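Here the structure comes first, spelled out in structure tokens, and everything after it is commentary.
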Amino acid sequence: MDRPKIRWVEALPIVHEGAEMILLRDPEGVVEQSLVVSRSTAFLLSLMDGTRTIEEVQGAYLSGAGVTLDLAQIREIVEAMDTNLFLMNDNFTRHYKELRDAYESRQVRESFLAGKSYPHQRQELLAFLDEMLTVGDGAAPEREITGILAPHIDYGRGKDVYRAVYRYLKRVETPLLVIFGTSHTYSNGLMDISLKDFATPLGVVPGCAGLCELIRANKTLNKYINEWPHRSEHSIELQLPIIQFMTAGRRIEILPILTGSMHPCITGNMSLEGEEIRAPLEGLRETLAAYGKPYLVIAGADLAHIGAQFGDSYALDRDVLARSREKDEAVLGHVKRVDPAGFFEEIKREGDSRRICGLTSIYLQLSLLKGSACDIVDYGQWTDGRSSVSFAGGVFYTSPRP
């Protein structure tokens, strides 16, 4: 507390009661409540890096903001951060360990979003999904479906694309679903694999017992078993109630895999052919082949994130949105061709300046599905006038017969 250190949290610009404020949010979900602070308080917190005493924080704030804050006021803010577990200290460490130990000991990953992002009562959720998803079946595919690209944005903003792409799941008999989802917390590697069963208000979606044993036995893949990032992550969880609704009455099992950042490949510090990318992907291919069951590859992956919420200073006008959509179309062109290298290079050419949130998930999906064909069945571009997120729905098929 003498040298306060703020934890790594997201700081998002928002407008609150007509004023420009900063929303502090814990992407790891250790702290579920968010805090809204003024810009000046956010600057003060940025000075709490664990190297400065409270007196030195006061001096640095005076140098940066030109305003003197009372030490008592700074201490009051520090205490508020400590109470809310936003400081990296013994108080947080104890809470974190208790939470993590309890989660690691459970076989089932309980729903984190029920009652927040969708109804927590079974019948309410069924009615919600029925209204959201029921709209014709579309033309029956002539070939076997091998994969689905879906959004991971919330249902309210992404419902049209969720509906357009997940209607195809009704025709899929494949029992094993390999589900990639973007990890929105820091990850040490390319993948964080969960071997737990996953629960929603519609019941428990089981993992694959036999496949789990093969993963544990694989000298490469067993290094990527990491349960904790899955606890509060939404990118896979938002797929599950829809999957359960669309496959009602059928036996399915899942392999949930959260994906880390490929940004070192964008900057040139890592190669697509390097061990960090190649080895876990080859290990996953080998293990799925050894398991022997046919599988469907799903990616819960959004596209561009642009605007004020994501740190862009430019105005988000109609022309900016149109140009972003054109760039998305170029990226999705490689998805249609099931070309993982071309997909990556297209994003690398723009330096990932639009923050393609699903970069790794889609790259891995395309890598597993090489040789398939793909149709993009829908596209969405949400905006509130200041920020924008785009996403698409894609269906993968076996290659055409010669």
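Heavy-atom basis, side chains included; hydrogens, waters and symmetry copies ignored. If you're wondering where the values come from, they're calculated on a predicted model, not measured in any experiment.
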**Message:** Do His230 and Phe198 make a side-chain contact, defined as non-hydrogen atoms from C-beta onward lying under 4.5 Å apart?
**Reply:** yes

**Asked** Take atom CD in Glu131; do more than 12 heavy atoms of anything else shown fall under 6.0 Å from it?
**Response** no

**N-O pairing of Arg354 and Glu350 below 4.0 Å** = yes

**Prompt:** Of all residues at least two apart in sequence or in a different chain, which pass the side-chain contact (heavy atoms from CB on, under 4.5 Å) check with Glu329?
**Reply:** Arg325

**Request:** Could you tell me whether a side-chain N or O of Gln239 sits under 3.5 Å from a main-chain N or O of Ser235, the two making a donor and an acceptor?
**Result:** yes

**Asked** Would you find a donor on one side and an acceptor on the other, under 3.5 Å apart, between the side chain of Asn222 and the backbone of Arg216?
**Response** yes

**Request:** Please answer whether the main-chain N or O of Val377 pairs with a side-chain N or O of Asp375 as donor and acceptor at a distance below 3.5 Å.
**Result:** no

**Request:** Determine, step by step, whether Val36 and Ile14 satisfy the side-chain contact (heavy atoms from CB on, under 4.5 Å) criterion, reporting the C-alpha distance in whole Å, the side-chain angles of both residues, the deciding distance to 0.1 Å, and the verdict.
**Result:** CA-CA 9 Å; Val36 176; Ile14 63 169; 4.1 Å; yes

**Request:** Please answer whether the main-chain N or O of Pro151 pairs with a side-chain N or O of Tyr162 as donor and acceptor at a distance below 3.5 Å.
**Result:** yes

**Message:** Can you confirm whether Gln107 is buried at CD, in the sense that more than 12 heavy atoms of other residues, nucleotides or ligands lie under 6.0 Å from that atom?
**Reply:** yes

**Item:** Asp154 and Ser117 side chains, donor-acceptor separation under 3.5 Å
**Value:** no

**Prompt:** Taking NZ, NE, NH1 and NH2 as the nitrogens, is one of them in Lys327 or Glu346 under 4.0 Å from a carboxylate oxygen of the other?
**Reply:** no

**Asked** Going by the ring pair (Phe, Tyr, Trp, His ring centres under 6.0 Å) test, which pairs reach into residues 333-385, not counting sequence neighbours?
**Response** none

**Item:** Lys196 charged N/C atom sitting above Tyr103 aromatic ring, 6.0 Å / 45°
**Value:** yes

**Request:** Ignoring hydrogens and angles, tell me if any N or O in the side chain of Thr383 forms a donor-acceptor pair with the backbone of Ser387 under 3.5 Å.
**Result:** yes

**Prompt:** Is the NZ or CZ atom of Lys116 positioned over Tyr118's six-membered ring, under 6.0 angstrom from the centre and within 45° of the axis?
**Reply:** no

**Request:** Using a 4.5 Å cut-off on heavy atoms from C-beta on, say whether the side chain of Lys348 contacts that of Glu345.
**Result:** yes

**Request:** Establish, yes or no, whether a centroid distance under 6.0 Å links the rings of Phe86 and Trp8.
**Result:** no

**Asked** Looking only at atom types and distance, does a side-chain atom of Asp82 sit under 3.5 Å from a main-chain N or O of Val78, one as donor and one as acceptor?
**Response** no

**Asked** Quick check: are there more than 12 heavy atoms from other residues, nucleotides or ligands sitting under 6.0 Å from NZ of Lys336?
**Response** no

**Request:** Evaluate the side-chain contact (heavy atoms from CB on, under 4.5 Å) criterion for residues Val205 and Ile243: first the C-alpha distance (whole Å), next the side-chain angles of each, then the deciding distance (0.1 Å), finally the verdict.
**Result:** CA-CA 9 Å; Val205 188; Ile243 289 170; 5.9 Å; no

**Asked** Mind checking whether Val331 and Ile362 have side chains closer than 4.5 Å, heavy atoms only?
**Response** no

**Request:** Give a yes or no on whether the backbone of Arg25 and the side-chain of Ser34 come within a donor-acceptor separation of less than 3.5 Å.
**Result:** no

**Sequence neighbours excluded - side chain to side chain donor-acceptor pair (under 3.5 Å) pairs with any residue from residues 274-287** = Asn218-Thr287, Glu275-Arg278, Arg278-Glu282

**Message:** Any carboxylate oxygen within less than 4.0 angstrom of a Lys/Arg side-chain nitrogen, looking at Arg355 and Asp352?
**Reply:** no

**Prompt:** Is there a side-chain contact between Ile54 and Pro4, using heavy atoms and a 4.5 Å cut-off?
**Reply:** yes

**Message:** Is there a side-chain contact between Leu316 and Arg386 in this structure, where contact means two heavy atoms from C-beta onward sitting under 4.5 Å apart?
**Reply:** no

**Request:** Identify, with sequence neighbours excluded, every residue that meets side-chain contact (heavy atoms from CB on, under 4.5 Å) alongside Ser46.
**Result:** Phe43

**Message:** Just by distance, no angles: are the side chains of Ser194 and Glu227 close enough, under 3.5 Å, to form a donor-acceptor pair?
**Reply:** yes

**Asked** Below 4.5 Å, heavy atoms only, C-beta onward: do Cys357 and His184 meet side chain to side chain?
**Response** yes

**Asked** Does Asp70 pair with Arg75 as a salt bridge, N-O distance under 4.0 Å?
**Response** no

**Prompt:** Between the side chain of Ser388 and the main-chain N/O of Asp384, is any donor-acceptor distance below 3.5 Å?
**Reply:** no

**Fill in**
Contacts satisfying ring pair (Phe, Tyr, Trp, His ring centres under 6.0 Å) that involve residues 287-321 (not counting sequence neighbours) are His305-Phe310

**Message:** Hydrogens and angles aside, do Thr200 and Ser111 bring a side-chain donor and acceptor to less than 3.5 Å of each other?
**Reply:** no

**Asked** Taking atom CG of Asp2 as the centre, does the number of heavy atoms from other residues, nucleotides or ligands within less than 6.0 Å exceed 12?
**Response** no

**Prompt:** Among all residues two or more places apart in sequence or in another chain, which pass the side-chain contact (heavy atoms from CB on, under 4.5 Å) test with Arg39?
**Reply:** Pro13, Glu20, Ile22

**Asked** Do Thr146 and Thr398 meet the criterion of a side-chain donor-acceptor pair at a distance under 3.5 Å?
**Response** no

**Message:** Closer than 3.5 angstrom, by distance alone: can the side chain of Arg250 be matched with the main-chain N or O of Lys170 as a donor-acceptor pair?
**Reply:** yes

**Request:** Determine, for Arg231 against Glu110, whether the closest basic-nitrogen to carboxylate-oxygen distance falls under 4.0 angstrom.
**Result:** no

**Asked** Is atom NE2 of His95 surrounded by more than 12 heavy atoms (other residues, nucleotides or ligands) closer than 6.0 Å?
**Response** yes

**Prompt:** For Asn89 and Lys5, what are the C-alpha separation, side-chain angles and deciding distance, and is it a side-chain contact (heavy atoms from CB on, under 4.5 Å)?
**Reply:** CA-CA 8 Å; Asn89 59 14; Lys5 181 178 181 180; over 6 Å; no

**Message:** With side-chain contact (heavy atoms from CB on, under 4.5 Å) as the criterion, how do Leu149 and Val165 come out once you've worked through the C-alpha distance, each side chain's angles and the decisive distance to 0.1 Å?
**Reply:** CA-CA 8 Å; Leu149 168 62; Val165 72; 5.9 Å; no

